[in-house]
Amino acid sequence: MEESVLAREASPNTPRPRRTAAEERTTSAHGARAQARSLGQLLGSQLVVSACGLASLPILARNLGPEAYGRFSVFVLALGVLSNLDVARPILVREMSRTDGDGSTGRDEPATTLAATSGWLLAAVSLGLGWVLGGPRVGGVRAAATFLHALTAAPFARLSAAGRVGVAGAVRNGFWALALVVVVALSFTTTAPHAWVWAFLGANALILTVLLRIAPSSSPTLRAPRARAFVGFSSWSTDVLLFALAAAVVTSCDKLLLQGNASEASFGRYAAQYDLAIKINILSTALSSVLYPAFSRLYADRGDAAASEHFLRVSGRIAACYFVGIAALIALHEPILRLVLGEGFAAGFAAGGELQVYALMLVGVFVHLFGFLITPLQRARGDFRTHRSVYVVSAALMIVGGLFAIPAYGPAGAVVAYLTARTAEVALVAYELRRATPGPLRTRSILGFIAMLGTLIALAALALGGVFDGIFLEAAGGAR
C-alpha cells in the first residue's frame, strides 16, 4: 500500500516548499542529533528498568514465597500482553509524524481522530478481558491499568512526532521502575495479598498525567470519517493485532515447548543463554522507536524513494556496528557464559553433554535486528500488511519446527525453532532489497548482508567446535 487510504480521505493540504541544499543539511544534522539524544534516553531508562527487575527478582521471590510470586509474575505478564495489543499506538505515531514535526495534526485528520477512538475501544476490550483474568480484584486493577495505558497512545505519539520519543519512553520506563521499587517495599511492610497490584495502576496513572502535561497540544477537527477511511483503518488495526500475536508466539514458543520436554536444569540452561543473547534487543527496540517517526516524516516529505535510500544507508551503518559487536561476543562466548552465568552453568553443559546455543542465538539476534529496522520503514509507508504476513508465516513455521525438533533434540531443537522464526527477517530483507532502486547502494547492501551473515555463521560453527576456547586457553597459559 504505497499511499495511505486515510491520507487520500483527508482534506488536501498545501504542498510544502522544497528546501535548499543548505537547509537540507541543517535539518539532517539536527535530526541526527535529536535521534541520538532520544536513543540515549531510551537506552538509559530501559537499563534502569532492567536493573530494577534484576535486583527485585531475588527479593520478591524470598519475601512473597513461591505461590504469591507466581501470581505476581502472571499479573505482570498478562498486563504486558494486554498492553502490547494497543493497535492504535503505531498508527497514531505514523499519522502524527506526517505533520510539520511538532506533533500538531495538520494532515490526515480523519486518521488521527479514528485512531484515538480505536484507543478507547481497545481499552474497553482490555477492561473486559482483564476482569476475566485473575478474579474480580486483581482482574479489575489490571484492566484499569491497561485502560490507562491505552489512553497514553495519543500523547506518546505527539511526543514521538515532535522528535521526543526518548522523553516519552523515559517517562514510561521511569515510572515502571518506580512501580517495581514500590512492590519491593510493600513486600517488606505488608502481608496483605495482592497489595502490589496497586503499584502498577498508580504507575500508569502517573505516566498518563505526565505525558499529557509535556506533550505538544493537538486539536484535530472532530468529524465523521468516511467509509473508505474506516475500512483502511480497520485493515491496519487487524494487521497490527495479528503482528502482535505472531510476535508473541515467536518470542515464547521455543521456551514453552522445551519446558514440557526437558528437565528443569536443562531448560534453565537454555533459558539463561536465551535471555543473555536477546539482551541486545534492548538496543534494537530503542532504535526502532527512534527511527519510526523519522521514517514517517521523511516518507511524507520526500516520498518512498528517498525514504528507502535513507533506510539502506542507515541500516548498513547500524548492521556493521552490530556485526562487529556480535562477532566479538561469539568469539568470547565461553568466557562470557562462565563470567555471567557462573561455573555451575558451564559444568552443567559438560556433564549433560548439551550444546551451548549462545553463539547460534547471537546469529539469530543479528538477523532479528533487520526486523526492528524494516518494520518502522514499512509502517511509515502505510504498509502494515507485509511484516504481518511474514511474521504470521514464521510463527507457524516455528511451531511446526518446534513440535518436531524439540521433543527429539531438546535444547538443540529449541534453538532450531528459534532460528526458524528468523525466516521472517530474511524475507523482509529480500522484500526491501527487491523493491529498492537498482544501483551501487542496493548492490552494496545485498553483498554486505550476505557477507556479514555468512561470516557470523562461520564464527558460530568455529565456536561450537571449540576453536576459540583453545585459543583463549593458550593465551591464558602464556600469560601465566
Side-chain angles (χ1 to χ4, degrees), residues 1-5 7-8 15-16 18-25 27-29 31-32 35 90 94 97-98 236 239 243 284 287-288 290-324 326-327 363-394 421-458:
M1 183 161 43
E2 293 297 326
E3 182 182 359
S4 165
V5 172
R8 293 197 296 267
R16 302 181 193 180
R18 188 71 179 177
R19 297 188 181 100
T20 64
E23 289 174 332
E24 289 285 357
R25 287 193 296 270
T27 302
S28 177
Q35 289 174 16
R94 190 253 181 189
S97 295
R98 293 162 57 85
W236 283 0
D239 289 335
F243 169 78
S284 304
L287 283 168
S288 184
V290 171
L291 291 174
Y292 185 23
F295 282 151
S296 296
R297 194 173 300 115
L298 181 62
Y299 179 83
D301 285 348
R302 299 175 57 189
D304 184 42
S308 296
E309 179 180 347
H310 182 66
F311 162 77
L312 290 179
R313 295 185 187 279
V314 170
S315 62
R317 298 188 188 106
I318 294 173
C321 294
Y322 266 65
F323 169 75
V324 173
I326 289 177
V363 177
V365 168
F366 175 77
V367 178
H368 198 181
L369 162 69
F370 292 91
F372 288 102
L373 298 178
I374 293 173
T375 295
L377 173 67
Q378 292 183 338
R379 289 181 172 180
R381 296 191 190 112
D383 179 7
F384 291 78
R385 180 171 300 174
T386 299
H387 57 275
R388 180 265 295 169
S389 300
V390 298
Y391 274 99
V392 167
V393 172
S394 70
R422 303 283 67 82
T423 55
E425 290 80 31
V426 174
L428 289 177
V429 169
Y431 176 84
E432 288 301 323
L433 290 175
R434 188 171 62 251
R435 75 186 308 277
T437 303
L441 179 59
R442 187 178 77 162
T443 302
R444 289 198 304 270
S445 299
I446 294 172
L447 295 177
F449 176 76
I450 294 173
M452 287 187 288
L453 180 57
T455 302
L456 291 179
I457 292 173

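- Going from atom CG of Leu369 over to atom CD1 of Ile326 covers 7.5 Å, rounded to the nearest 0.5 Å.
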Determine whether Phe323 and Ile318 satisfy the following criterion, side chain to side chain contact (heavy atoms under 4.5 Å, CB included), listing intermediate values before the conclusion.
CA-CA 9 Å; Phe323 169 75; Ile318 294 173; over 6 Å; no
Show the atom names and distances, to 0.1 Å, of all donor-acceptor pairs under 3.5 Å that link a side chain in residues 439-453 to residues at least two apart or in another chain.
{"unit_1": "Arg442", "atom_1": "NH1", "unit_2": "Leu433", "atom_2": "O", "d": "3.2"}
{"unit_1": "Arg442", "atom_1": "NH1", "unit_2": "Arg434", "atom_2": "O", "d": "3.4"}
{"unit_1": "Arg442", "atom_1": "NH1", "unit_2": "Ala436", "atom_2": "O", "d": "3.4"}
{"unit_1": "Thr443", "atom_1": "OG1", "unit_2": "Gly439", "atom_2": "O", "d": "3.1"}
{"unit_1": "Ser445", "atom_1": "OG", "unit_2": "Leu441", "atom_2": "O", "d": "2.9"}

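- The minimum heavy-atom distance between Ala307 and Leu298, with the atom names listed, is CA-CD2, 3.7 Å.
- When the side-chain hydrogen bond (donor to acceptor under 3.5 Å, both in side chains) test is applied to Tyr292, no partner is found at least two apart in sequence or on another chain.
- To the nearest 0.5 Å, the span separating CG on Leu287 from CG on Leu373 amounts to 6.5 Å.
- Classification of Glu432 and Arg381 as a salt-bridged pair holds, one side-chain N sitting under 4.0 Å from a carboxylate O.
- With values rounded to the nearest 0.5 angstrom, Thr386 atom OG1 is found 12.0 Å from Phe243 atom CZ.
- In this structure, the side chains of Ile374 and Glu425 stay at 4.5 Å or more apart for every pair of heavy atoms.
- Among residues two or more places apart in sequence or in another chain, the ring-ring contact (aromatic ring centres under 6.0 Å, His included) test is passed with Phe311 by none.
- Residues Arg435 and Ser308 form a side-chain contact, since some pair of their non-hydrogen atoms from C-beta on lies under 4.5 Å apart.
- Inter-residue side-chain proximity for Tyr322 and Leu456 is flagged as unmet; no heavy-atom pair is nearer than 4.5 Å.
- Not less than 6.0 angstrom separates the ring centroid of Tyr391 from the ring centroid of His387.
- Contact between Ala421 and Ser394 at its shortest, heavy atoms only, is O-CB, 3.6 Å.
- Ring pair Phe370/Phe366 is perpendicular by interplanar angle, where above 60° counts as perpendicular and below 30° as parallel.
- Note: Leu377 CG to His310 NE2 = 10.0 Å, rounded to the nearest 0.5 Å.
- Between the OG atom in Ser389 and the CZ atom in Phe384 there is a gap of 13.5 Å [rounded to 0.5 Å].
- Residue Val390 comes nearest to Ala427 through the heavy atom pair CG1-CB, 4.0 Å, listed as atom of the first residue, atom of the second, then distance.
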